[in-house]
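First the proteins, then the strands, lettered A, B, ... as listed; each starts at 1.
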Amino acid sequence: MQISGAQMVIEALIAENVDTIFGYPGGAIMNVYDEIYKQNSFKHILARHEQAAVHAAEGYAKASGKVGVAMITSGPGFTNAVTGLADAYMDSVPMVVISGQVPMSLIGTDAFQEIDAVGISRSCTKHNYLVTDAADLPRILKEAFYIARTGRPGPVHVDIPKDVTAQIATFDYSKPVELETYKPNINGNLRQIKKAMEAIAEAKRPLFYLGGGIINSNAGEEIRKLVQMTGIPAVETLMARGTLRFDDPLLISMLGMHGSYAANMAMSETDLVIGLGARFDDRVTGKLSEFAKNAKVIHVDIDPASISKLVNADFPIVGDLKNVATSMIEIAKTTIDKERYTPWLDTIANFNKLHPLSYKEDTVELKPQWIIQRVGELLGDDANISTDVGQHQMWTAQFYPFSRPRQWITSGGLGTMGFGFPAAMGVKVADPSRVSINFTGDGSILMNVQELMTTVEYKLPVINIILNNNYLGMVRQWQTLFYNKRHSSTDLSIQPDFVKLAEAFGGIGYRVGTKEEFDAALKDAVEKNVVAFIDVKVHRLENVMPMVPAGGSLFNMMLEYKEK
Amino acid sequence: MEEAARRVISVIVINEASVLSRITDLFSGRGYNITSLTVAPIPESRYSRLTIVTSGSVRVMEQITKQLHKLIPVLKVIEHADLVEKEMALVKFPISENLSDISTLCSAYNGNIVNVSEEVIIAMVADEPKRVDYFLSAVKRFHPKEIVRSGAVALER
Ligand SMILES: Cc1cc2nc3c(=O)[nH]c(=O)nc-3n(C[C@H](O)[C@H](O)[C@H](O)COP(=O)(O)OP(=O)(O)OC[C@H]3O[C@@H](n4cnc5c(N)ncnc54)[C@H](O)[C@@H]3O)c2cc1C
Ligand SMILES: Cc1ncc(C[n+]2csc(CCOP(=O)(O)OP(=O)(O)O)c2C)c(N)n1
């Protein structure tokens with residue numbers, strides 16, 4: 001088939017079964033947009049900022065497990081999208097981002113809207129391409145999708161000069177991807193898995209350390225089974241929330257900087273860490289030399305570079321978790337005696353009793369944690385939960401009753417304020433039958449607030465619950481704790497009227513000061529099924545606790561902060 | 001902390017646009033050292049071979065190797081243990097220096113005089129990097145005007 005480069009992009013997207021892309025047009029990508037106009041195989045959603053388009057593609061990818069697609073123009077279109085690429089890179093989100101570039105003949109001349117896009121994206125993508133000949137496009141696009149979704153997933157950026165989108169060449173998408181230099185190892189060495197299982201059978205205080213890789217590999221079911229049949233307790237990273245049901249008796253909670261006391265103590269006391277798709281991030285380990293000090297480490301990860309990067313693995317296993325977990329289950333059937341760990345479970349129960357995750361209700365002001373729990377009670381499994389970044393994010397991770405993988409969508413590695421709203425929009429596209437909630441802060445929401453327009457236009461009823469503390473709360477908390485209450489540039493007392501703001505775009509706004517008002521607002525927003533802002537005035541100085549100060553040891557948690 | 005030792009690695013990559021920047025970006029982005037780097041196409045193939053002299057602890061070296069492997073166009077990473085390593089240097093001397101003395105010194109280091117013009121003498125040596133160091137200190141007394149080193153190339157024995 002002889003077609004133009006622009007048409008090839010469309011054909012490739014169709015061949016990849018893409019149903020929705022998010023984007024923003026401009027000069028260099030116009031040929032492709034012209035072809036988008038002419039087709040009706042997939043939907044294009046016009047975000048109102050390129051960063052938001054990419055976050056929406058991320059939300060879509062995280063909720064569906066499919067590759068998210070975003071399309072942008074050269075120069076400022078591309079630079080606006082970089083934060084999204086970096087975010088996806090840090091959180092291993094499968095994504096293909098296609099950008100326009102100035103024509104080949106102008107590259108290197110400081111042409112209008114020219115920027116070295118692949119030069120910029122190199123360090124924040126899994127791979128990238130500058131296409132110099134339309135004849136290469138089918139191969140490159142096919143490789144891009146393949147690389148994005150296989151191995152450790154990640155964003156792939158394809159930069160296409162305008163003249164290449166006009167160039168006519170042969171389109172053949174049937175050739176299988178042949179990448180001699182890229183062959184992710186998915187099976188896991190069985191001998192090594194057996195050794196690891198022996199270590200588990202011999203351990204007294206083993207602990208599952210569950211990470212985002214489980215979500216990536218769709219191994220939720222296998223992991224639930226493995227945990228249940230071994231009777232070994234588990235902690236989850238921020239990215240793994242939802243792997244185990246919130247009410248699973250073996251789930252301790254999240255660990256790390258804002259992990260629960262019991263989770264962090266369990267990690268400090270364990271004699272065998274069973275790391276599954278988790279990357280020993282500094283927010284999780286605290287001071288490395290004190291982390292799980294007396295434990296041996298099993299580490300299963302598809303990315304060899306994750307293994308023994310920060311914590312030495314005694315049992316390194318490179319492979320896809322779904323496969324490895326399946327082998328582990330097989331072996332566990334005959335080797336693991338559940339009873340063995342009962343004393344360990346008692347110890348953990350005691351940790352839990354000593355300092356459960358909790359907060360103090362206030363008679364006058366709403367507590368943010370209550371709001372989150374309440375949404376959990378009212379919507380539970382019927383909602384997908386996105387967040388922005390800050391205190392509200394940590395409280396949501398701590399207090400929402402997650403019941404399944406991919407219910408929880410957050411920016412963990414990059415911690416990108418402004419992620420939540422567009423991501424929740426992408427989630428709604430991927431899973432329209434569920435309510436899409438975005439827990440956000442009065443700071444974060446303003447970082448992509450223009451998406452009110454997109455969500456209203458495309459009828460994507462995201463409910464944004466603004467836990468409004470009139471502060472850049474998380475930074476304010478650090479200032480309170482570590483900077484002697486010098487609240488430098490974190491006071492957000494000057495605010496927009498969030499209700500009117502939502503209304504100005506055609507959404508609906510609620511101002512909430514009591515529990516009753518909150519229930520009524522949420523109920524109304526869900527029923528009306530429209531884009532909503534619920535502006536909840538919460539206690540201004542609430543802190544996220546427990547907290548392991550940065551660089552401190554996991555077992556040295558601040559459990560509460562008393563105003564002096 | 002473990003000592004950072006000098007190490008030599010060879011990287012075989014697909015010879016395509018921007019592959020070199022992928023590698024150097026990886027080193028600078030992750031804070032690894034490059035002492036020297038040489039690169040040239042492997043004859044009659046679609047590959048190039050890079051020889052990188054770097055330094056780091058065992059753990060850092062392991063990360064470097066793994067991170068290099070993660071780059072899509074990287075075919076092979078060889079961490080040399082038992083290797084033959086050579087480096088080349090060119091040195092320019094004023095014509096007023098003693099040609100035969102320089103020539104004798106060069107031959108002791110597998111080198112020779114490669115060019116003599118009206119104004120300068122150019123000598124070349126190719127030897128192990130350590131020996132090139134020695135050579136370069138030995139020639140100081142001939143007042144070299146300019147020195148250029150190639151960076152090392154290596155083959156596993
Ligand atoms: C304000 C703030 C506070 C935070 N506090 C905490 C905290 O208290 N606790 C916490 O846990 N996090 C916290 N984080 C998040 C933290 O920064 C990291 O993002 C997170 O801990 C990483 O989670 P993870 O280890 O599960 O790895 P991910 O980033 O989810 O990485 C997944 C791992 O799995 C591997 N993998 C991918 N696919 C597969 C597969 N198919 N098979 C096998 N392996 C695979 C990958 O190679 C990678 O190593 C915080 C973030 C912010 C913004
Ligand atoms: C783009 C970006 N800029 C700055 C930060 C640093 N930062 C982390 S949390 C935070 C405060 C967030 O405030 P808000 O959205 O109101 O949430 P709260 O912590 O009050 O719940 C800031 C500024 C960031 N994570 N992302």
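Ranking A/Ile307, A/Leu130, A/Leu179 against chain B, the residue ahead of the rest is A/Ile307, based on heavy-atom pairs under 4.5 Å. Of the listed residues A/Asn312, A/Asn128, A/Val118, A/Ile147, the one with more heavy-atom pairs under 4.5 angstrom with chain B than any other is A/Asn128. Ranking B/Glu62, B/Lys66, B/Glu16, B/Gln67 against chain A, the residue ahead of the rest is B/Lys66, based on heavy-atom pairs under 4.5 Å.
Neither the backbone nor the side chain of A/Thr132 has a heavy atom closer than 4.5 Å to any heavy atom of chain B.
Remark: A/Glu143 CD to B/Ile72 CD1 distance equals 9.0 Å, nearest 0.5 Å.
Residue-environment remark: CD (A/Glu178) stays at or below the threshold of 12 foreign heavy atoms within 6.0 Å. Within a 6.0 Å radius of NZ in A/Lys309, other residues, nucleotides and ligands contribute more than 12 heavy atoms. Within 6.0 Å of the NZ atom in B/Lys140, the count of heavy atoms belonging to other residues, nucleotides or ligands does not exceed 12. In the displayed structure, A/Asp172 atom CG is contacted under 6.0 Å by more than 12 heavy atoms of other residues, nucleotides or ligands. Enclosure of atom NZ in A/Lys287 is not indicated, since only 12 or fewer non-hydrogen atoms of other residues, nucleotides or ligands lie within 6.0 angstrom.
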Begin with the C-alpha distance, continue with both residues' side-chain angles, and end with the deciding distance and a verdict on side chain to side chain contact (heavy atoms under 4.5 Å, CB included) for A/Glu180 and B/Tyr47. CA-CA 12 Å; A/Glu180 179 192 7; B/Tyr47 304 111; 2.3 Å; yes

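Smallest separation of non-hydrogen atoms from B/Arg59 and A/Ser308: NE-O, 3.8 Å. Among all heavy-atom pairs drawn from B/Pro73 and A/His127, the shortest one is CD-CE1, 3.9 Å.
By the 4.5 Å heavy-atom criterion applied to side chains, A/Thr181 and B/Leu75 are counted as neighbours. Looking at heavy atoms from C-beta onward, B/Lys70 lies out of side-chain contact with A/Pro304 at the 4.5 angstrom threshold.
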